[in-house]
Amino acid sequence: MYLRLFVVLVTISLHGHISTMASDPDPIQDFCIPNPKFGSIRTIAHLSILPCKNSTEVTTDDFVFSGLKLAGNFTETGLATIPVNPTVFPGLNTLGMSFVRADLQVGAINPPHFHPRATEITYVVQGSVYSGFVDSNNQVFASVIEQGEVMVFPRGLVHFQMNVGKKPATVFGSFNSQNPGNQKIPSAIFGSGIDVELLEKAFGLSPKEIGTMRRRFDPKTVK
Ligand SMILES: *[C@@H]1O[C@H](CO)[C@@H](O)[C@H](O)[C@H]1NC(C)=O
Ligand SMILES: *[C@@H]1O[C@H](CO)[C@@H](O)[C@H](O)[C@H]1NC(C)=O
């Protein structure tokens, strides 16, 4: 009986410990609005510890973000994203959360990518979105998510979306990190400057084919 209780307690405390390590640090105060006196939030937000404003100088506006009413700017592939993290919404700082609005034109995709520091839950506000992820055994979990439905993408796993409906789609994604990171597979592989010979051997492609991929995914190569 005592042994069983001990095992349960140890299990709970181990899980508590593991989940603490797998997320942003716990806040040590109610909130921490970065203090602009110490530099532009855009340039200091990458620091893990930001000097906070005196809470007597904090206002309601620090906790309100109004930049999600409309879609962002569409890329030539028909995807528009507005990442909302402490860089644009200082009120999120130290709270261990951030989110994104993504709009996809008909047929547009959000290419395979992953967030190294966050699980994402996506909510389809409008449209029909083929959504899925791949686990570390290369098993794919994908289906068409309709308006009002959510799907979860576990932390660090490659995931993707495609608007398969007949009208534009809007999704919101919520992250359990204020800085989830976003690594896009095509540009991580072909747009990052990995040695061409290695890419040829890894993918069984010719130098010409590698060149095609590089021109497509490397922002530094002239198109
Ligand atoms: C915050 O501002 C109040 C009011 O001006 C002041 O009394 C307090 O000392 C300040 N706190 C800090 C940590 O500077
Ligand atoms: C869209 O582009 C315009 C012009 O470059 C810019 O002013 C605006 O901030 C952009 N919108 C978003 C949501 O990034």
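Values below: every heavy atom of this structure, side chains too, minus hydrogens, waters and symmetry copies. All residue numbers refer to positions in the sequence shown, counting from 1. Remember, it's 1-based here, ligands and their atoms both numbered in the order they're listed. Since this is a predicted model, take the numbers as computed values, not measurements.
- The closest protein non-hydrogen atom to atom 11 (N) of ligand 2 is Asn73 ND2, 3.0 Å.
- Near Asn54, meaning under 4.0 Å from any of its heavy atoms, are these atoms of ligand 1: 1 (C), 2 (O), 3 (C), 8 (C), 10 (C), 11 (N), 12 (C), 14 (O).
- Checked options Gln147, Lys167, Glu146; the residue passing with Ser128 is Glu146 (criterion: side chain to side chain donor-acceptor pair (under 3.5 Å)).
- Just one residue in the list Phe114, Phe153, Phe141, Phe133 forms a ring-ring contact (aromatic ring centres under 6.0 Å, His included) with His159, and that residue is Phe153.
- When the options Ile109, Ile145, Val164 are evaluated for a side-chain contact (heavy atoms from CB on, under 4.5 Å) with Tyr130, the one that passes is Val164.
- With no hydrogens or angles considered, no side-chain donor-acceptor pair links Gln105 and Asn163 at under 3.5 Å.
- The protein does not reach atom 5 (O) of ligand 2 closely, with no heavy atom under 4.0 angstrom from it.
- Put simply, atom 9 (O) of ligand 2 has no protein non-hydrogen atoms near it, under 4.0 Å away.
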